[in-house]
Amino acid sequence: MNYTALAIGTLVIILFSWFYSIKHKRYHGIPRFFAFESIFILVLLNLKVWFHDPVSVKQIISWILLIFSAYAGLEGIILLKGRGKSGANFEETTVLVKSGLYRYIRHPLYMSLFLLGTGVMMKNPGPVQLIAAIVNFLAVYVTSRVEEKEMVEKFGDEYIAYIRETKMFVPFLI
């Protein structure tokens, strides 16, 4: 693993977490740091095998997960920016978004992070990669729970009703 890249990347993730969440008293940025960091470590661990044996089952599964991750992440950001009436920081919505993917799940962006981490792990699944993927899952889950408390404070009964109407990550299941 490239430790210089790890140090620089970690610093960037810390700064992102500070400026986009923690500085604004949105404390979901703390556990989300660990989701970002675990994904970054997975990328560093698996970078050398990214395109190795491209038609193997694990590579095909990996690419499917990465494609779904990109879709969920992009649609989530576009919806938050457009329908959430946010300013420069897409996290600072003024309207609760309940359309698109948000009609079915409350956390498409966090689902995207989970799929991204799992997809990267599948490039070269091993014990260290599996541990990092588990850390990613736990961090995404904790981040979602913390953010839901923040959203209840911000949107009140409207968000509580939204929780009852939708699932967290997987439509109709979880």
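In what follows, every heavy atom counts, from backbone to side chain, and hydrogens, waters and symmetry copies are set aside.
- Distance alone, capped at 3.5 Å, is enough to place a donor-acceptor pair between the S62 side chain and the G119 backbone.
- Closest non-hydrogen pair, Y104 versus P171, comes out as CB-CB, 3.9 Å.
- The minimum heavy-atom distance between G117 and L42, with the atom names listed, is O-CD1, 3.4 Å.
- In terms of the ring-ring contact (aromatic ring centres under 6.0 Å, His included) criterion, Y141 has no residue partners (sequence neighbours excluded).
- Shown here is D53, whose CG atom has more than 12 heavy atoms of other residues, nucleotides or ligands within 6.0 Å.
- Cluster membership check: L44 does not share its hydrophobic cluster with V49, using side-chain heavy-atom separations under 4.5 Å among Ile, Leu, Val, Met, Phe, Trp and Tyr.
- Linking Ile, Leu, Val, Met, Phe, Trp and Tyr whenever their side-chain heavy atoms come within less than 4.5 Å puts V170 and L66 in one cluster.
- Between A72 and M111, the closest heavy-atom pair is CB-CE, 3.5 Å.
- If you take CD on E158 and CD1 on I163, they are separated by 11.5 Å, rounding to the nearest 0.5 Å.
- Nearest heavy-atom pair across S144 and M168 is CB-CE, 3.4 Å.
- Of the N and O atoms on the side chains of H24 and E92, not one donor lies less than 3.5 Å from an acceptor on the other residue.
- Atom CE of M122 is separated from atom CD1 of I64 by 10.0 Å, given to the nearest 0.5 angstrom.
- Cluster annotation: V146 is not connected to I105 through the hydrophobic network of ILVMFWY side chains, with a link wherever side-chain heavy atoms come within less than 4.5 Å.
- One hydrophobic cluster holds both L45 and L47 under the rule that ILVMFWY side chains link at heavy-atom gaps under 4.5 Å.
- Partners of R106 by salt bridge (Lys or Arg N to Asp or Glu O under 4.0 Å), not counting sequence neighbours, listed by chain and number: E148.
- Here the side chain of Q59 pairs a donor or acceptor atom with the backbone of W50 at under 3.5 angstrom.
- Between the CG atom in L101 and the OH atom in Y71 there is a gap of 4.5 Å [rounded to 0.5 Å].
- A distance-only check finds a donor-acceptor pair linking the side chain of T10 to the backbone of L6 [under 3.5 Å].
- Using a 4.0 Å cut-off between charged nitrogen and carboxylate oxygen, E150 and K25 do not count as a salt-bridge pair.
- The backbone N or O of L96 sits nowhere less than 3.5 Å from a side-chain atom of Y159 that would complete a donor-acceptor pair.
- When every heavy atom of F155 is checked against every heavy atom of T93, the shortest pair comes out as CZ-OG1, 3.9 Å.
- Atom CH2 of W63 and atom NZ of K58 lie 14.0 Å apart (nearest 0.5 Å).
- Note: F36 and F16 meet the aromatic proximity criterion, with ring centroids under 6.0 Å apart.
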Practice problem: Go through the steps to decide whether V140 and F169 satisfy the test side chain to side chain contact (heavy atoms under 4.5 Å, CB included), and finish with yes or no. | Solution: CA-CA 10 Å; V140 166; F169 303 114; 4.0 Å; yes
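- Listed for the S69 side chain is no donor-acceptor partner under 3.5 Å among the backbone atoms of L65.
- Scanning both residues, L113 and N136, for their nearest heavy atoms gives O-ND2, 3.3 Å.
- More than 12 heavy atoms of other shown residues, nucleotides or ligands fall within 6.0 angstrom of atom OH in Y162.
- The line from CG of L116 to CD1 of I39 is 4.5 Å long, rounded to the nearest 0.5 Å.
- When side chains are defined from C-beta on, E75 does not count as touching P108, because their heavy atoms never get closer than 4.5 Å.
- A continuous path of Ile, Leu, Val, Met, Phe, Trp and Tyr side chains, each step under 4.5 Å between heavy atoms, connects V152 with L80, placing both in one hydrophobic cluster.
- R26 CZ to M151 CE: the interatomic distance, rounded to the nearest 0.5 Å, is 4.0 Å.
- Remark: of the listed residues H52, Q129, K123, Q129 is the sole one forming a side-chain hydrogen bond (donor to acceptor under 3.5 Å, both in side chains) with N46.
- F68 is linked by a ring-ring contact (aromatic ring centres under 6.0 Å, His included) to nothing, counting only residues two or more places apart in sequence or in another chain.
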